[in-house]
Amino acid sequence: MFPPLPNPPTQTTAPKFGPADLMRRSASTVTPPAQRQTEVAKLIDISKCIGCKACQVACNEWNELTPPIGDNFGVYQNPSDLLPDQWTLMRFTEWDNPQTGNLEWLIRKDGCMHCEDPGCLKACPAPGAIVQYTNGIVDFISENCIGCGYCVKGCPFNIPRISKTTHKAKKCTLCSDRVAVGQGPACAKACPTQAIVFGTKDDMKKWASGRVDDLKSRGFANAGLYDPAGVGGTHVMYVLPHADQPQLYANLPADPKIDPLVGVWKGKGKVAGLGAMALAVLAGVLHYLKNGPEVATEEDERKAKSLVDGAV
Amino acid sequence: MLSPQIHDSYPVAVDRYSGLTRLNHWINAFFFVALVLSGLAFYSPYTYFLSGLFGGGANARMLHPWFGVIVTISFLFLFFRFVGGNGWKPRDTAWMKNPGAVLSGDEEALPEAGKYNAGQKIVFWSMTMLIIIMIATGLVIWDQYFAAYTSIEVKRAAVLIHSVAATAAIIVLIIHIYAAIWVWGSIGAMTSGRVTGGWAWRHHRKWLRDLVAGRVDGDMPKA
């Protein structure tokens, strides 16, 4: 058993991290602090998940989310997708394993992966609407959010959702408010089987490797840790019994990367574009200084007059 | 018979744009500038401050697509007012082949221009194309109403194409405004609606000859 996090203190606790610990800030340049905080991570062990949705409930409870009552569309998954007020969702997949002939019920708790290289933050045009703390947590700061939806386009995991009522982007915060006072995320706290555990990223990797060995000894030869390198690793990781086929788990991307189009759109191209605009203005100014205004002369007027008079 | 657009005084006065055309143009200009300024707010962190003109980023995000709708509709009217004079002619190709004379204002070295010269026609057609591209991609990324209709992959491409087209459109706009400033009398054509005969002789001689021969521009009110 992974040692559970201690209960919260009763006295007021100063937050362990805050605005001084930013590693990245959307549409802004920040100087990261010299000392990076210990990276944290949430480990979701799919082999231990029983699909009880306690994590979903705990998330909604802690974050005061009340998603609308949805429709039953014939499976256990409820609601059918992530919502502005549903930041985590158990996705249920039934898979007929061709090797064993077993029907496997794959349940993946979906939500923000807290990428080391966050595509949402890269795409965001609003200064400070998305921040990344040095401990790895990627957080949306709603008061700076303009609701444009660029984060949705930047994210390789299709996580952020824009509220139709508040016009703000919403997603899992990794319970940054709880983590700041030494607690773990609400979902991890609520999980009855320790399918969700929380700690430092190093500890989570160590714990995961024990879990992977255990799964391998039980016949899951391809068990492994999902910590995709394409986004620099994530601060939410999965232990997958079939790590060779992550897409089995409700289309978890096998090799997530920030789409190159986002790089072209947000990179140096924009600076070049502004430069081209400035150059066009400068060319106009220089042209005017060199040539002066282009003025119709007295002679032009006389010629026009004689043309008109000739026709009368 | 002289076109009723020509007023035989000295200097000769020539009606270039009707009142409705001018109103249409300035509505378009006003909202196009609003469109550019609100759009630049999301273009780059260096221009985000422009969102302040619209009451903050969230308001700029909300208003920008509506400005785009207004510009598209207003440009559509402008398109039909102007398209008749903007057909590409062999003389336009010859005009383009002498950029030195164009830039130094040596119009005697250039073919006589009709109501619009080749440069104006390029501005007209490139704006037409760019506005079509921008409204099409803009609707794709107007998440408030159209988020559900396209995939994220399509939206990624749309937002990139939208930005590139916007960059081009802003440069075309700068060229358009500069040309109006450089060639004295052009702004008057769009404010009072009139130019002098000398202006027409110097810059749009073929147009003046056509008017003298009795032509009436398409946007002029029917007599």
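Heavy atoms only: backbone and side chains are in, while hydrogens, waters and symmetry mates are out.
The residue among B/Ile6, B/Leu40, B/Ile174, B/Ile181 with the most heavy atom pairs within less than 4.5 Å of chain A is B/Ile174. Between chain A and the residues B/Ser186, B/Gly57, B/Ala166, B/Ala168, the most heavy-atom pairs under 4.5 angstrom are made by B/Gly57. Contact count versus chain A (heavy atoms, under 4.5 Å) is highest, among B/Arg61, B/Met62, B/His203, for B/Arg61. The candidate with the highest count of non-hydrogen atom pairs below 4.5 Å against chain A, out of B/Thr47, B/Val12, B/Val164, B/Ile141, is B/Val12. Of the listed residues (B/Thr167, B/Ile177, B/Asp143), the one with the most heavy-atom contacts under 4.5 Å to chain A is B/Asp143. When the candidates B/Ile171, B/Val159, B/Leu173 are compared by the number of heavy-atom contacts under 4.5 Å with chain A, B/Val159 comes out ahead.
Two residues are said to be in side-chain contact when any heavy atoms from C-beta on lie closer than 4.5 Å; B/Gln144 and A/Ile162 fail this criterion.
For B/Ala200, no part lies near chain A; criterion is any non-hydrogen pair under 4.5 Å. When heavy atoms are compared at a cutoff of 4.5 Å, B/Trp201 approaches chain A solely by way of its side chain, counted from C-beta outward. Heavy atoms of B/Leu103 lying under 4.5 Å from chain A belong to its backbone as well as its side chain. Using a 4.5 Å cut-off between heavy atoms, A/Cys124 does not touch chain B at all. In this structure, the portions of B/Phe42 lying under 4.5 Å from any heavy atom of chain A include both its backbone and its side chain. Residue A/Pro260: no heavy atom, backbone or side chain, is found under 4.5 Å from chain B. Contacts of B/Arg209 with chain A are made by both backbone and side-chain atoms, with heavy-atom separations under 4.5 Å.
Within a 6.0 Å radius of CG in A/Leu282, other residues, nucleotides and ligands contribute more than 12 heavy atoms. The 12-atom threshold is not exceeded at CH2 of B/Trp184, counting heavy atoms of other residues, nucleotides or ligands nearer than 6.0 Å. By the neighbour-count criterion of 12 heavy atoms within 6.0 Å, atom OH of B/Tyr149 is sparsely surrounded, having that number or fewer from other residues, nucleotides or ligands. Atom NZ of B/Lys97 has 12 or fewer heavy atoms from other residues, nucleotides or ligands within 6.0 Å. When the shell of 6.0 Å around CZ of B/Phe30 is examined, it contains 12 or fewer heavy atoms from other residues, nucleotides or ligands.
To the nearest 0.5 Å, the span separating CG on A/Leu307 from CG on B/Leu208 amounts to 5.0 Å.
Of all residues in residues 288-306 of chain A, those placing a non-hydrogen atom less than 4.5 angstrom from a non-hydrogen atom of chain B are A/Tyr288, A/Asn291, A/Gly292, A/Pro293, A/Glu294, A/Val295, A/Ala296, A/Thr297, A/Glu298, A/Asp300, A/Glu301, A/Arg302, A/Lys303, A/Ala304, A/Lys305.
Counting all heavy atoms, side chain and backbone alike, A/Ala126 lies closest to B/Tyr48 at CA-CE1, 3.8 Å.
Pairs of residues two or more places apart, or lying in two chains, that qualify as ring pair (Phe, Tyr, Trp, His ring centres under 6.0 Å) and include a residue from residues 263-284 of chain A are A/Tyr150-A/Trp265.
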For A/Val281 and B/Tyr178: C-alpha separation, side-chain torsions, deciding distance, then whether side-chain contact (heavy atoms from CB on, under 4.5 Å) applies.
CA-CA 8 Å; A/Val281 173; B/Tyr178 175 69; over 6 Å; no
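A/His167 places no side-chain N or O within donor-acceptor distance of the main-chain N or O of B/Ala58, the cut-off being under 3.5 Å. Put simply, the side chain of B/Arg156 gets close to the backbone of A/Lys153: a donor and an acceptor are under 3.5 Å apart.
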